[in-house]
Amino acid sequence: SEKVLFMRIFLSVLILIFGLQSWTKADDIRDFQIEGISIGDSLLKYMTTSQIKNSIVVSNYKSDEYKTIIANLNLKTFERVQVSFKSNDKEFLIEGIMAIKSYKNKNFKDCTSLALKIAEEASSLFKNTQRQSKTFPHQVDKTGKTKVVANYFMLKDGSNVRALCVDYSSEQEKLKKIDHLNVGAVTNKFNQFLNNVAYK
């Protein structure tokens, strides 16, 4: 009947509307910034093409699908920012960003405090993504004495954000390893590359 047909159409429209609403509210990694830089930005907003090409660092990736640079920027919180993009991308769209702040001869609690503050800011951005927090031994130290205190956000699209502190053992510090804060964000594609291609 016409009533049944109308109800079916009405319900279909409702489902479409609510489906679109949930889609538009999905957490977006591009909302997260490190020193004002976001995933999806073009590096050309911050550097010239020649500056980008001159800043490319030698990586130990098994594939040249991605390039990485140490961005020469005026940083406020961090000491250096490392940015990755597709090798053939003429717009140099950012697919990975990592920032480092060292804590040599400083209280490690300052590091975990800042990491927690960054994680709380990320929580306010990613309302539909649960924060994962854990402490575990760093794989670089076979003794298990070097600890990592980490906060992760694994978004539904496969991208992720992290804010973690590395507390090196005294033995590792003798090897010139320095306690540090590591804040990063990667797209799903770059994350898949790192996990399945870069070091295989």
Side-chain angles (χ1 to χ4, degrees), residues 26-103 111-112 114-127 129 131-133 138 148-166 178-199:
D27 292 336
D28 192 336
I29 196 172
R30 292 174 296 183
D31 293 333
F32 183 74
Q33 293 187 341
I34 299 176
E35 295 279 2
I37 306 170
S38 304
I39 293 290
D41 282 354
S42 169
L43 262 174
L44 294 172
K45 286 171 61 176
Y46 312 100
M47 305 167 71
T48 65
T49 300
S50 60
Q51 285 175 329
I52 294 169
K53 290 182 176 179
N54 290 333
S55 301
I56 292 174
V57 295
V58 176
S59 70
N60 55 352
Y61 297 158
K62 300 293 171 117
S63 164
D64 63 354
E65 185 179 349
Y66 285 89
K67 298 284 189 225
T68 297
I69 69 163
I70 301 297
N72 185 18
L73 305 170
N74 294 319
L75 305 176
K76 295 177 181 177
T77 302
F78 298 93
E79 291 153 22
R80 66 181 186 278
V81 173
Q82 181 175 300
V83 180
S84 300
F85 51 88
K86 278 222 162 195
S87 299
N88 61 358
D89 185 359
K90 294 180 180 177
E91 293 184 50
F92 302 101
L93 298 180
I94 298 169
E95 295 216 24
I97 178 169
M98 181 181 73
I100 298 290
K101 179 178 175 65
S102 298
Y103 280 85
C111 182
T112 54
L114 181 53
L116 186 60
K117 181 181 177 184
I118 292 168
E120 287 171 351
E121 289 173 356
S123 289
S124 68
L125 293 173
F126 308 135
K127 297 185 184 300
T129 302
R131 184 171 85 202
Q132 301 173 37
S133 301
H138 198 303
V148 179
V149 180
N151 297 275
Y152 289 96
F153 296 85
M154 310 297 290
L155 278 62
K156 285 184 179 179
D157 66 356
S159 58
N160 68 73
V161 168
R162 70 172 182 269
L164 59 85
C165 290
V166 180
I178 300 172
D179 294 352
H180 64 273
L181 169 67
N182 179 322
V183 178
V186 294
T187 63
N188 180 39
K189 287 183 179 178
F190 186 50
N191 195 37
Q192 292 296 321
F193 169 79
L194 291 173
N195 291 330
N196 303 317
V197 178
Y199 304 107

I want to check something: taking the side chain as every heavy atom from C-beta on, are Val186 and Ile39 in contact at a cut-off of under 4.5 Å? no
Contact check, side chains of Asp41 and Ile97, non-hydrogen atoms, under 4.5 Å: no
So does Glu65 get a backbone contact from the side chain of Ser87, meaning a donor-acceptor N/O pair under 3.5 Å? yes
Anything under 3.5 Å between a donor and an acceptor, one on a side chain of residues 75-83, the other on a protein residue two or more places apart or in another chain? List them.
residue : atom : partner : partner atom : Å
Glu79   : OE1  : Ser102  : N            : 3.4
Glu79   : OE1  : Ser102  : OG           : 2.9
Glu79   : OE2  : Ser102  : N            : 2.8

Sub-4.5 Å side-chain heavy-atom contact between Phe92 and Ile69: no
Geometric cation-pi criterion Lys101 and Tyr103, 6.0 Å radius, 45° cone: yes
With side chain to side chain donor-acceptor pair (under 3.5 Å) as the test, would you mind laying out the steps for Thr68 and Ser84 before giving the verdict? CA-CA 4 Å; Thr68 297; Ser84 300; 2.8 Å; yes
Could you tell me whether the side chain of Ile52 reaches within less than 4.5 Å of the side chain of Tyr46, counting heavy atoms only? no
Does any part of the side chain of Lys156, heavy atoms only, come nearer than 4.5 Å to the side chain of Asp27, both counted from C-beta? no
Is it true that, when you exclude Arg131 itself, more than 12 heavy atoms of the residues, nucleotides or ligands shown sit nearer than 6.0 Å to its CZ? yes
Does the side chain of Asn182 come within less than 4.5 Å of Arg162's, by heavy atoms? yes
Give a yes or no on whether Glu91 atom CD has more than 12 heavy-atom contacts from other residues, nucleotides or ligands under 6.0 Å away. no
For Leu93 and Gly40, the nearest pair of non-hydrogen atoms, with its separation, is CD2-O, 3.7 Å
Rounded to the nearest 0.5 Å, what separation is found between the CG atom of Leu155 and the CZ atom of Phe126? 5.0 Å
Looking only at the aromatic ring of each residue, does the gap between the centers of Tyr66 and Phe190 stay below 6.0 angstrom? yes
Quick one, Val161 and Leu125 - any side-chain contact, counting heavy atoms below 4.5 Å? no
Residue pair Lys53 / Lys67, side-chain heavy-atom distance below 4.5 Å: no
